[in-house]
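Bear in mind the structure is a predicted one, so any value in this text is a computation, not a measurement. One-based numbering along the sequence shown.
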Amino acid sequence: MSECTLSKETQDLLYRYFAAAANLYGVIEIGKLLKIYNSQNEPLSKENFLSFVENMNFKVKHF
């Protein structure tokens, strides 16, 4: 598991995107969510995004 190097602000925004996607779609492909995020924000690399996903704390955030 690689360490996530994204800023706290970016991580918080990504958590909000995951919550919104869960509420809106129920299920969404990770790649699709990255594409949506990148179209609306400063683009993230696939590697940084996947590092964030690997390190998400699902015990704190429920989707």
Side-chain angles (χ1 to χ4, degrees):
M1 188 181 315
S2 59
E3 187 174 328
C4 183
T5 59
L6 300 174
S7 70
K8 177 162 177 16
E9 292 79 19
T10 299
Q11 290 183 46
D12 289 345
L13 183 57
L14 284 169
Y15 274 118
R16 290 195 303 268
Y17 268 78
F18 272 84
N23 287 326
L24 185 61
Y25 302 112
V27 174
I28 187 171
E29 293 179 9
I30 292 293
K32 179 72 171 173
L33 186 57
L34 176 59
K35 185 180 258 187
I36 292 169
Y37 177 89
N38 282 345
S39 73
Q40 299 173 356
N41 299 280
E42 183 71 30
L44 293 177
S45 69
K46 183 177 180 179
E47 293 77 20
N48 280 339
F49 183 75
L50 292 177
S51 175
F52 171 79
V53 171
E54 288 176 355
N55 291 290
M56 285 179 75
N57 185 351
F58 289 106
K59 294 176 184 171
V60 175
K61 308 285 183 184
H62 299 279
F63 302 101

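- The existence of a salt bridge linking D12 and K8 is confirmed by a sub-4.0 Å separation between a basic side-chain nitrogen and an acidic carboxylate oxygen.
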Please assess M56 against Y15 for the test side chain to side chain contact (heavy atoms under 4.5 Å, CB included), listing each intermediate value before the final yes or no.
CA-CA 9 Å; M56 285 179 75; Y15 274 118; 3.7 Å; yes
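- Considering all non-hydrogen atoms of both residues, P43 and N38 come closest at CA-OD1, 3.1 Å.
- Of the possible polar contacts, one joining the N41 side chain to the Y37 backbone as a donor-acceptor pair under 3.5 Å is found.
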F49 and L14: side chain to side chain contact (heavy atoms under 4.5 Å, CB included), yes or no, with the steps?
CA-CA 9 Å; F49 183 75; L14 284 169; 3.8 Å; yes
Show, in sequence, the C-alpha distance, side-chain angles and deciding distance for I28 and I36, and conclude whether the side chain to side chain contact (heavy atoms under 4.5 Å, CB included) test is met.
CA-CA 11 Å; I28 187 171; I36 292 169; 3.9 Å; yes
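- Remark: Q40 engages Y17 in a side chain to side chain donor-acceptor pair (under 3.5 Å) (not counting sequence neighbours).
- Residue K35 holds its NZ atom at 14.5 Å from CD1 of I30, rounded to the nearest 0.5 Å.
- By the 30° and 60° cut-offs, the orientation of the rings of F52 relative to F18 is tilted.
- Rounding to the nearest 0.5 Å gives a distance of 6.5 Å between CG of L44 and CG of L34.
- Here S39 pairs with nothing under the side chain to side chain contact (heavy atoms under 4.5 Å, CB included) rule; sequence neighbours left out.
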